[in-house]
Amino acid sequence: MRRVIPRLLFLLAGLAGLSCSDHGLSPAAYEPGSGLRGRVTFTGAWPDSTKDVVLVVSRKYPEGITDRDGLIAFVLQNFLSGGIQLCDTIPRNAEVYDYHIRLQPGVYEWVFVIWFPDTPDYLYGVKELGAYYRNPDLQTRPSAVEIIDGVTYDRVNISADFANVGRELPFFRRGRTR
Amino acid sequence: MRRGPARAAAAAACRLLLFVRAGVSAQDRGRLEGRVVDEATGRPLWGVNVMVKGTWLGAVTDEAGRFAVSAVPAGRCDVEASLMGYEKRTAAGLEIAAGAATEVTLRLKQTLIRRPAEIVTASKRKQAIEDAPVTVDVVGDAEIRSRNAVTLDKVLENTAGMGVTDGQIDLRGSTGFNYAAGSRVLLLVDGHPLINGDTGGINWDAIPIEEVERVEVVKGAGSALYGSNALAGMVNVITRDPSAAPETRVRMTAGFHDTPAYDAWRWTDRFLTYRLFDRGELDLRNPLGFAGLDVSHSRAVGPVGLSVTAGRKGGTGYGQNGWVERWNAGVKMKARTSERGTLNLSAGHTDNDHGEVTQWLSQSRPLEVPPSEAGNSIRYRKSNAAVTYRHILNPSLAYTLKANWYRTHWKNDYQDNRDGARTDKTGAEAQFDALWGRHAATFGAEAAHNRAESDIYGSPETLDLAVYGEDGLRFAERATLTAGLRYDFHRVRGVYSDGQLSPRLGLVFRPDAETSLRASFGRGFRAPSIAEVFADITVSGFHVSPNLDLRRAERAWSAEIGAGRTVDLGRLSPVLDGSHPVLLFDAAVFRSDYRDMIEVGLKPGSQDIQFLNIGSAFTQGFEGRVRASLWAGRLSGQAGYTFVDSRDRGTGRPLRYRSKHRLNAGAEWRTGRLTFGLDARFASRIEETLLYNADERVPVRVLDGRVGLDLGRTDLVIECTNMGNYMYTLRERMLEPIRAFSLTLRTAW
């Protein structure tokens, strides 16, 4: 037992040291790991009625859903199940925004930027400002990104256009070619 | 001829009356008087429970260590004395003379490990902790006082198998986190429920931490005695009785938050500018900090013991919107109404204004809130009152009458929301405790009414009625079988009504004085709260809609097998001052199978959020606890490890907000007037969350350290919480407290 006590104290001291050397979570933007990095470029003026503009990733794309209610149900369902993640809230009046987000490995079919109106039920007035297209000249469907463990994909750039705020439903662009 | 149920009930009532009268009509009674002292020092002991064995007759010693028990049946009897931190002592074969007083002096020997000889929560009556058929942890006043915690949950999170997320208790993986709605662990204060009437959650700030004597944490389904919410266990907070001699106590706390681990996370220039180890600079002019003052006075006014308490606490918080302003006041009264009757009254009020944080701005700026939430706050007021009257009808039969009221009143002051609610919850209970032969039985009836007035709930009302009974049969010299059953009727006015039957079986076998083997099996349930059924609110962009179809209580069958043993380590460590080093160890395996679990989900065919019966799930695991005391108690320690495997049967995935591994460890070293203490908490990474499941999450690795100085009636504690300044979350996008330093001064006169 006389040996046990010093060992116990040594263990506690080690625990304290371990606790001090590891700070747990860190500012995501500076850490390596699997994820996405890129630039959001805004076109047009930020509307006064803006609540938030947020970068979003979704495991699935709402293929075949064209009505507003169906789309919102898709978003909420996937949001609650973790399939859709709200990532960075973009600072107001930014013209460009460089992002770096951590993500779990897997396929993300929809990387996009959304705009929320400044209303109590803002979730239901959401509009898509832009999404990631590998070929910006062919915007039939957002490009999927497959993330492999430990790899950060760069240049996942998005053009966000505030003109889309005034567009009629559906809130996301579909079948548009440039 | 077959007897009708009415005649059978009448016959039973007559037998009960005869049973009562048989005791009352006994002619030969005497009085037992005496004192209880410390065996080693001869110092009188205050607060010792003295009981005449095999009866409900007893008393508690005063400051002079004296006690008196009236109306003790003449003849031979055994008297037991028990006090936390002392070995239970029995004076056997005392001769009580009719019409005279018998004097006795009991000497108690201090134990090295502070834990109570008796508990009151597991079976709703006094019993030895080793006789409880379920796992019980007790947090004593010394553990509470040695820390500078402002609310009790911060002390309890060091208990084995227990986690606390935003005030919500997770006992062995039972709850995880459910957005403050519907606690699956019942919180009691002196045996009265203190669960919010609307959300079904817990407000820890309604409990004056300085008045807490001990906390009993009972793990496993307890609905057979306590009904709804006791699905996974009970936490019973026992407050101290008023002292007979005038006593004033003051507690002053002040502290400050350190800087976050990364400069990029500093959101205000009020963070400290020091670099103690780099530059040796320290600027404490205007840090983010906190302070508090509690004052209480206790005295006897004639035959009535009275204590009053008041306190104020405030702080900036460590993050944006983290500020809090709070004051509280309370009163407690205890009086002997007759030789066999005791009346307890208590009341309290807490007013708490605080900033509200839903989630951080981003992981790059986790101590700030989104602009749309800046300045959001809540004003929360809570008032409660409770009355308990206990009367011993005869040595073998006692009854307790209880009534309580709990009002919660909150109002949002958000940028986009001004909703609020006021809820009044009232309850009453009649409980009987009987001893006969080898039986110890508890039975009673309970009623509770709950009414809310709110712009988000409307004006719903609920009514709960229940009857219960449990019998403990000592069927062999060392074995006790417990069987209990409770029926609860729950009605939500104008919506639905429901009934729940909750049985429980327990078995305790003690092969020797140091060993206890236990097994239990029971059913628990939780009725949906008013918020879960009626909430109609738009918050953070989501519309939460009422669910009037939420008519099924969530239920669980729970089982546990455990063993505990006390080991004398005299051969392994020196025996000092006649005190042997001691090790207590306890282990248990457990499993709970849930049905109709209530969780947040999406309303079918709609875009609204609702509370829904989601289906079945299970939790199972292992828990091991050890406590040791060496070198005459100068070095003591405890550790608990809990493994929990939880699974949603519908999805096959782990339940949300649960950690698979949880380790709590603490050590304390006393030398002279100084005490050095360390508490470590480890919990493995939370496997699932409701929102942002792909966000980075890390295990919990928190170490708290403290130094205490004992100056007799005054003590001082310097504490550093989260010494490693470890950054972690327990729920989505909410950074847990960063490193903080505090100083607490307590004094009494």
Side-chain angles (χ1 to χ4, degrees), chain A residues 1-2 4-5 8-9 11-13 15-31 33 35 51-52 54 57 59 69-77 79-83 85-89 91-92 100-104 106 116 118-126, chain B residues 261-262 264-265 361-366 370-372 416-417 538 540-543 569 572-574 581 600-602 605-609 630-631 635 637 651 665 667 669 678 680 682 688-703 705 722-729 735:
Chain A
M1 184 55 66
R2 288 172 190 227
V4 170
I5 305 306
L8 183 70
L9 294 173
L11 179 72
L12 286 171
L15 203 62
L18 183 71
S19 180
C20 290
S21 63
D22 177 4
H23 288 297
L25 289 176
S26 56
Y30 307 112
E31 290 296 306
K51 180 182 181 65
D52 282 320
V54 182
V57 295
R59 294 270 189 182
D69 288 350
L71 186 72
I72 292 174
F74 169 87
V75 170
L76 285 172
Q77 189 76 57
F79 183 65
L80 291 178
S81 65
Q85 297 171 62
L86 303 185
C87 301
D88 291 7
T89 300
R92 189 171 290 247
H100 179 173
I101 53 176
R102 277 186 171 186
L103 292 170
Q104 286 184 339
F116 288 115
D118 191 13
T119 56
D121 57 347
Y122 58 85
L123 210 63
Y124 303 89
V126 65
Chain B
Y262 309 98
W265 286 3
L361 181 60
S362 74
Q363 193 170 326
S364 301
R365 296 162 71 180
S372 54
D416 58 355
N417 188 290
T538 298
S540 298
F542 290 102
H543 180 223
L569 299 177
L572 302 172
S573 172
V600 174
L602 201 61
S606 158
Q607 305 139 23
D608 290 354
I609 305 289
L630 305 165
W631 291 330
L635 180 66
T651 64
W669 178 41
L678 276 177
F682 169 83
E688 296 277 325
T689 57
L690 173 64
L691 306 175
Y692 315 118
N693 200 29
D695 272 8
E696 183 189 9
R697 293 190 294 277
V698 293
V700 176
R701 289 180 196 151
V702 176
L703 191 69
N722 195 357
M723 287 168 71
N725 215 12
Y726 187 78
M727 306 288 117
Y728 65 104
T729 57
L735 202 67

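Below, chain A is the first sequence line, B the second, and so on; all start at residue 1.
- Rounding to the nearest 0.5 angstrom, the gap separating the NE2 atom in A:His23 from the CH2 atom in B:Trp265 is 10.5 Å.
- Only the side chain of B:Tyr262 comes within contact range of chain A, judged by heavy atoms closer than 4.5 Å.
- If you measure heavy-atom distances from B:Thr729 to chain A, the contacts under 4.5 Å come from both the backbone and the side chain.
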